[in-house]
Amino acid sequence: MAILYWVLVWAMVAVAGKGQKTIPVSFVFGDSLVDAGNNNYLNTLSRADIPPNGIDFKASNGQPTGRYTNGRTIADIILEELGQKIYPQPFLAPDTTGSSILHGVNYASGGGGIMNQTGRIFINRLGLEVQVDFFNITRQQLDEVLGQEQAKEFLSKAIFSISIGSNDFLNNYLLPVFSVGERILETPDEFVDNLIEGLRDQLVRLYKLDARKFVVGNVGPLGCIPYQKTINQADEDECVSLPNQLAMQYNEKFKDLMNELNQRLPGAKFVIANVYDVVMELITNYQHYGFESASVSCCRNGPFSGIVPCGPTSSMCADRSKYLFWDPYHPSEAANLIVAKFLVDGDNKYISPINIRQLVHL
């Protein structure tokens, strides 16, 4: 699931006017959980532009778009919940220019992380620093499309929502074989501190580019995804302890960072999306939410079901809405739908100090 579960940076722009509905616009930053097709344009081993990915994505009539799930991502669903009907286009798509950027842009990339070296096994991917570099290009384009003052106003009413970090653990610090040397040279505390410092740098860069409202997601329970359970030979009803411990360690310092930035950056509002607890709620009480399984994926690859991503040779479960996980790493659309609703309208346990709908109207 590469939970990472959020370097979502959105920007939701309120359309002012008496009696007029607030219409959100989204600028999405992240990893494979919210990639809408950027990796389609990269020479990379991390791709989701093959079936059966996207089989339930109505906007493409079930054709793969580069989304790493069977349907909509969390980012897609949140926008729909807030009334938006147009999905942000991938930044690398050739037609993401001119007035199209006023509908938002998606910078997310499968395999990307906070650290530049994260995901190097995939050859190419867009890390957070590169994604913010690309947003800087969009920022200049907004000046050209709207004019400098209107562009700044446009962004001042935006929500930049960021969640990233899962891949920094899954495809970096915890990566089998490749990470042995790194784990000897760098303690978990040092690694987490470096992640927090990297995240701080990029959030401040976005602030300097006129971002003011942020939704920032923490890292989810990585030890509970099918991939980690498979490679660590965990029982069906248990999670792997080390990945979860690292995620919680990161999340504590992440929370401190959000409080720091709220106090340090004038006019900024940082909202924490507690992805870890939302996903743990679904995993712990999966039957309550209508799932038949929270331990195995719907899209499987025989004896490598917990390791190999979904592809044309995979087999599928009979009912995709009954599985929390689509493949060994990513949630299904059914799970994304529940997570998104928790974040849009949930209470302070899952989204604090206010929820996303409240932030849009702030």
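Below, each value reflects all heavy atoms present in this structure, side chains not excepted, and no hydrogens, waters or symmetry copies.
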Against the six-membered ring of Y207, is R264 placed for a cation-pi contact (under 6.0 Å from the centre, within 45° of the normal)? no
May I ask you to check whether R67 and T65 show a side-chain donor-acceptor distance below 3.5 Å? yes
Non-hydrogen side-chain atoms of Q131 and L206 separated by less than 4.5 Å: no
Quick one: do D49 and R47 make a salt bridge, cutoff under 4.0 Å? yes
Ignoring hydrogens and geometry, is there a side-chain-to-backbone donor-acceptor pair from N274 to K349 under 3.5 Å? yes
Is there side-chain contact between S46 and Y68, with heavy atoms separated by less than 4.5 Å? yes
Centre-to-centre under 6.0 Å for F254 and Y276, is that the case here? no
side-chain contact (heavy atoms from CB on, under 4.5 Å) between L203 and M258: does it pass, once the steps are laid out? CA-CA 10 Å; L203 291 176; M258 296 302 103; 3.7 Å; yes
Hey, are the side chains of E281 and Y289 touching, using non-hydrogen atoms and a 4.5 Å cut-off? yes
Between G311 and C299, what is the shortest heavy-atom contact and its length? N-SG, 4.3 Å
Atom of R125, atom of N116 and distance for their closest heavy-atom approach: NH2-O, 2.6 Å
Would you confirm whether Q63, through its side chain, and S60, through its main-chain N or O, come within 3.5 Å as a donor-acceptor pair? no
Does some side-chain heavy atom of L126 sit less than 4.5 Å from a side-chain heavy atom of Y107? no
Any non-hydrogen side-chain atom of L155 less than 4.5 Å from a side-chain atom of F160? yes
Nearest 0.5 Å please: distance from the SG atom of C310 over to the CG atom of N301. 7.0 Å
Taking N39 for its side chain and L42 for its backbone only, find out whether a donor-acceptor pair lies under 3.5 Å. no
Can you establish whether the number of heavy atoms outside K255 located under 6.0 Å from its atom NZ is more than 12? no
Exam field: side chain E333 to backbone N70, donor-acceptor pair closer than 3.5 Å: no
Please determine whether the number of non-hydrogen atoms from other residues, nucleotides or ligands lying under 6.0 Å from atom CD of E252 exceeds 12. no
Is it the case that N171 and N167 place a side-chain donor and acceptor less than 3.5 Å from each other? yes
Decide yes or no on side-chain contact (heavy atoms from CB on, under 4.5 Å) for D319 and E292, but give the supporting numbers first. CA-CA 9 Å; D319 188 345; E292 293 179 356; 5.6 Å; no
Please say yes or no: joined through hydrophobic side-chain contacts below 4.5 Å, possibly via intermediate residues, are V308 and I55 part of one cluster? no
Distance (rounded to the nearest 0.5 Å) between N251 CG and L257 CG: 12.0 Å
Per side-chain hydrogen bond (donor to acceptor under 3.5 Å, both in side chains), Q89 is matched among T96, T97, N38 by T96
Determine the minimum heavy-atom distance between N244 and C239, stating which atoms define it. ND2-CB, 3.7 Å
Aromatic ring centroids of F91 and F135 under 6.0 Å? no
For D210, is there an ion pair with R139 - N to carboxylate O distance below 4.0 angstrom? yes
Find the distance between CG (L222) and CG (L170) and round it off to the nearest 0.5 Å. 4.5 Å
Linked, directly or transitively: L79 and F57 (ILVMFWY side chains, under 4.5 Å): no
CG on L195 to CD on E190, rounded to 0.5 Å: 12.5 Å
Could you tell me whether the side chain of D189 reaches within less than 4.5 Å of the side chain of Q249, counting heavy atoms only? yes
Between the CD atom in Q287 and the NZ atom in K322, the distance rounded to the nearest 0.5 Å is 11.0 Å
Looking only at heavy atoms, which two atoms of D133 and R205 are closest? And how far apart? OD1-NH2, 2.6 Å
Would you indicate whether E149, at its atom CD, is surrounded by more than 12 heavy atoms from other residues, nucleotides or ligands within a distance under 6.0 Å? no
Do you know the tightest heavy-atom contact between I78 and A340? CG1-CB, 3.6 Å
Residue that, paired with F191, satisfies side-chain contact (heavy atoms from CB on, under 4.5 Å) out of L246, I196, D168: D168
Do D35 and S109 pair up side chain to side chain, a donor and an acceptor below 3.5 Å, judged on atom types alone? no
Under 4.5 Å between any side-chain heavy atoms of C298 and S332, yes or no? no
Go through it in stages, so that I can follow the logic: the residues are L142 and K152, the test is side-chain contact (heavy atoms from CB on, under 4.5 Å), and I'd like the CA-CA distance, side-chain angles, deciding distance and then a yes or no. CA-CA 9 Å; L142 285 170; K152 192 170 183 177; over 6 Å; no
When the ring centroid of Y173 is compared with that of Y250, is the distance short of 6.0 Å? no
V34 backbone acceptor or donor facing N106 side chain under 3.5 Å: yes
Any side-chain heavy atom of Y323 within less than 4.5 Å of one from V296? yes
Under 3.5 Å side-chain donor-acceptor pair for N53 and W326: yes
Using only atom types and a distance under 3.5 Å, with no angle test, would you say the side chain of D327 pairs donor to acceptor with the backbone of R300? no
If only atom types and distance count, is the side chain of N355 paired as donor or acceptor with the main-chain N or O of I351 below 3.5 Å? no
State whether the side chain of T44 and the backbone N or O of N124 hold a donor-acceptor pair below 3.5 Å, judged by distance alone. yes
Between K229 (side chain) and E236 (backbone), is there a donor-acceptor pair under 3.5 Å? yes
Begin from the C-alpha positions of K157 and E153 and carry the test side-chain contact (heavy atoms from CB on, under 4.5 Å) through to its verdict. CA-CA 7 Å; K157 296 177 180 179; E153 178 71 10; 2.8 Å; yes
For I137, does its backbone N or O pair with a side-chain atom of Q140 as donor and acceptor, under 3.5 Å? no
Enter the distance from K213:NZ to L362:CG here, rounded to the nearest 0.5 Å. 4.5 Å
Which heavy-atom pair separates R212 from S156 by the least distance, and what is that distance? CB-O, 4.1 Å
